Every structure is written in C-alpha cells, then in structure tokens.
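Step one of this worksheet: look at the structure below.
Atoms within a ligand are numbered from 1 in the order they appear, just like the ligands themselves. Every value quoted in this text rests on a predicted model; they were computed, and no experiment measured them. Numbering of residues begins at 1 and proceeds along the displayed sequence.
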Amino acid sequence: MERILEPELMLGQEQSLAYARADFEEPHRRVLEEFQSVFGDELDGDVLDLGCGPGDITLRFARAYSRTRLVGIDGSPAMIALARQEVEKEDALKGRVSFIEGIIPDAQIPPLPWQAIVSNSLLHHLHRPEVLWETVRRCATAGTRIFIYDLRRPPTPQKAREFVELYAAGEPEILRSDFYHSLLAAFEVEEVREQLEQAGLDLTVRPIGDRHLVVHGVM
Ligand SMILES: C[S@@+](CC[C@H](N)C(=O)[O-])C[C@H]1O[C@@H](n2cnc3c(N)ncnc32)[C@H](O)[C@@H]1O
C-alpha cells in the first residue's frame with residue numbers, strides 16, 4: 001500500500017480537544033518505557049519534544065526525569081494552548097516545562113545543548129519527512145540522544161481498519177478517523193531507513209509491536 005498523506009498540522013479546535021482527551025495511557029507509557037530501555041534512568045538538562053501536541057509526552061518525560069527541563073514545539077496554536085493549560089495544573093512542573101508555537105523546519109528553536117531530542121507521532125504527519133531529520137541534525141550536538149517514535153504503515157487499508165477497531169473502539173469518530181488516516185500516512189521501517197541514510201544520520205530504526213517503529217541513537 002502506498003503512503004496517503006494527511007493534513008500536516010492538527011489545527012482544528014475540536015480535533016485538538018478530542019486528541020487531548022483521548023486515552024493514550026497505554027501507548028504513551030510504552031513510549032517512555034522504550035526510551036528508558038534504550039537510554040536508562042539517567043537524564044538531566046534540556047530536552048526538546050518535536051510535534052508535542054497537547055503535551056502529554058512532554059509532561060511524561062518531565063515527570064520521569066526530574067532533573068530535566070522540557071521544551072515542546074508544535075505548529076498548531078490549539079495544541080499549544082492545550083499543552084500550556086496542562087502544565088498549569090501541575091505545580092511541580094511549572095518552570096521546568098515550556099511550549100513554543102512553531103512549524104518545523106522554520107520554528108525558532110532555542111540553540112540549547114539538548115541532552116535529548118524526542119518526538120512521538122510527528123513523523124507520519126510530515127509531507128516532507130526530511131524536515132524532521134534536518135531539524136534533528138541542526139539542533140543536536142555531540143552526545144544528544146535522539147528518540148523518534150511513530151506509527152508504522154500497515155500493509156493494507158483493511159489492516160488499518162482492524163487496528164482502529166482494536167485500539168480505538170470506544171473513541172469519538174473524529175479520533176478514529178484521524179487514527180485511520182495516520183496509519184495510512186505512516187512510513188514503513190525500510191522507508192525510514194532510507195530517509196536516515198539520505199540525511200547522513202547514523203541512527204537505528206526498528207519495528208515495535210504491531211503498529212509502531214522507533215528511531216534512536218546518540219549523535
Ligand atoms: C499526532 S500529534 C502527536 C502529538 C504528541 N507528540 C503526542 O504524542 O501526543 C502530531 C502533532 O504534530 C504537529 N505537527 C505536524 N507537523 C508539524 C510541523 N511541521 N511542525 C510542528 N508541528 C507539527 C501537529 O500539529 C500535531 O499536534
């Protein structure tokens with residue numbers, strides 16, 4: 001099955017709210033567990049979260065690694081507003097987590113010595129995936145840990161529909177539809193391997209479970 005693009009930014013108010021309210025407890029816990037299994041329990045300093053959406057992954061990193069400062073970037077004003085509301089609810093995280101509205105690759109990303117650059121579910125949104133790898137290359141310095149987690153494209157639309165039934169059965173229709181289109185827009189492992197090769201990035205890519213992939217390594 002060929003990749004079918006979906007809109008790059010999640011700009012809609014209703015769409016952003018449905019995404020922010022969705023139950024991502026299990027998949028997002030797995031993202032953190034995978035990071036910990038690759039990089040261990042020690043992480044401090046500045047961490048960049050690309051395509052942070054409403055901030056759930058950003059906040060999970062901040063909670064898991066208490067000596068980090070997190071910066072989340074997203075091109076959707078609705079998503080950034082939701083992310084800022086979330087951090088306001090947790091006194092312990094205020095001052096350690098901030099969000100910037102900006103579209104990759106043009107976003108104004110502070111030139112900090114990033115200890116880690118992380119991202120979940122951004123890659124499949126990008127019409128030109130190379131902008132993610134250009135951004136990683138531009139923002140990373142020697143020793144930056146890179147961790148990009150995403151959906152993996154299933155072999156057929158039928159399989160994508162099965163995943164929607166299996167993993168989003170009780171979710172609102174807008175979320176189910178987004179999930180379906182995200183699966184069709186996602187990359188296969190081999191395609192990501194080619195992107196990394198073209199970008200000259202020496203990172204590992206491998207499948208995770210039935211519908212995800214992860215890219216990781218140290219610059
Ligand atoms: C599926 S959401 C993932 C949000 C979050 N990382 C998570 O795991 O919950 C993808 C996000 O990427 C953002 N996005 C897509 N293309 C982008 C770009 N070029 N620059 C910045 N953000 C982008 C969208 O607006 C959306 O909020």
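The protein non-hydrogen atom at the shortest distance from atom 21 (C) of ligand 1 is Gly75 N, 3.2 Å. Of the protein's heavy atoms, Met10 SD, 3.6 Å lies nearest to atom 2 (S) of ligand 1. Asp74 OD2, 3.4 Å is the protein heavy atom nearest to atom 26 (C) of ligand 1. Looking only at protein heavy atoms, the nearest one to atom 4 (C) of ligand 1 is Gly51 O, 3.4 Å. In terms of protein heavy-atom proximity, atom 10 (C) of ligand 1 is nearest to Ser121 O, 3.3 Å. Distance from atom 9 (O) of ligand 1 to its nearest protein heavy atom, with residue and atom name: Tyr19 OH, 3.0 Å. Atom 17 (C) of ligand 1 has Leu9 CD2, 3.4 Å as its closest protein atom, hydrogens excluded (heavy atom only). The closest protein non-hydrogen atom to atom 16 (N) of ligand 1 is Glu8 CG, 3.3 Å.
Between Asp56 and ligand 1 there is no heavy-atom distance shorter than 4.0 Å.
There is no side-chain donor-acceptor pair under 3.5 Å between His216 and Thr204.
Numbered from 1 in the order shown, with element, the atoms of ligand 1 that lie under 4.0 Å from a heavy atom of Ile57 read 8 (O). Close approach to Gly102 involves these atoms of ligand 1, each under 4.0 Å from a residue heavy atom: 20 (N), 21 (C). Remark: ligand 1 atoms within the under-4.0 Å shell around heavy atoms of Cys52 are 4 (C), 5 (C), 6 (N). Near His125, meaning under 4.0 Å from one of its heavy atoms, ligand 1 places the atoms 1 (C), 10 (C), 15 (C). Less than 4.0 angstrom separates some heavy atom of Ser76 from each of these atoms of ligand 1: 25 (O). Counting atoms of ligand 1 from 1 in the listed order, those under 4.0 Å from a heavy atom of Gly53 are 4 (C), 5 (C), 27 (O).
Although no hydrogens or angles enter the test, the distance criterion places a donor-acceptor pair under 3.5 Å between the side chain of Arg3 and the main chain of Ala185. Looking at Thr144, its side chain does come within 3.5 Å of a backbone N or O of Trp114 through a donor-acceptor pair. Remark: side-chain polar atoms of Asp44 are not paired, donor with acceptor, to backbone N or O of Arg67 under 3.5 angstrom. Not one N or O on the side chain of Ser119 forms a donor-acceptor pair closer than 3.5 Å with the backbone of Ile148.
In this structure, Glu25 pairs ionically with Arg60, as a charged nitrogen and a carboxylate oxygen lie closer than 4.0 Å. One finds a salt bridge joining Glu173 and Arg176 here, because a Lys/Arg side-chain nitrogen approaches an Asp/Glu carboxylate oxygen to under 4.0 Å. Under 4.0 Å is where a charged nitrogen must lie from a carboxylate oxygen, and between Glu188 and Arg152 no such pair does.
Only the side chain of Leu126 comes within contact range of ligand 1, with a heavy atom under 4.0 Å; no backbone atom does. Residue Ser182 does not touch ligand 1, judged by heavy-atom distances below 4.0 Å.
Checking Ile103, Asn120, Val131 against atom 8 (O) of ligand 1, the nearest heavy atom belongs to Asn120. Between Asp106, Ile104, Leu122, it is Ile104 that holds the heavy atom closest to atom 20 (N) of ligand 1.
The cationic group of Arg211 lies under 6.0 Å from the six-membered ring centre of Tyr167 and within 45° of the ring axis, placing it in a cation-pi geometry.
Using a 4.5 Å cut-off between side-chain heavy atoms of Ile, Leu, Val, Met, Phe, Trp and Tyr, with links allowed through other members, Ile109 and Val131 fall into the same hydrophobic cluster.
Scanning all heavy atoms of the two residues, the minimum distance from Gly72 to Cys52 falls at C-SG, 3.6 Å. Closest of all the heavy-atom pairs between Ile100 and Pro110 is CD1-CD, 3.8 Å.
Annotation: Met79 places no N or O atom under 3.5 Å from an N or O atom of ligand 1; distance criterion only.
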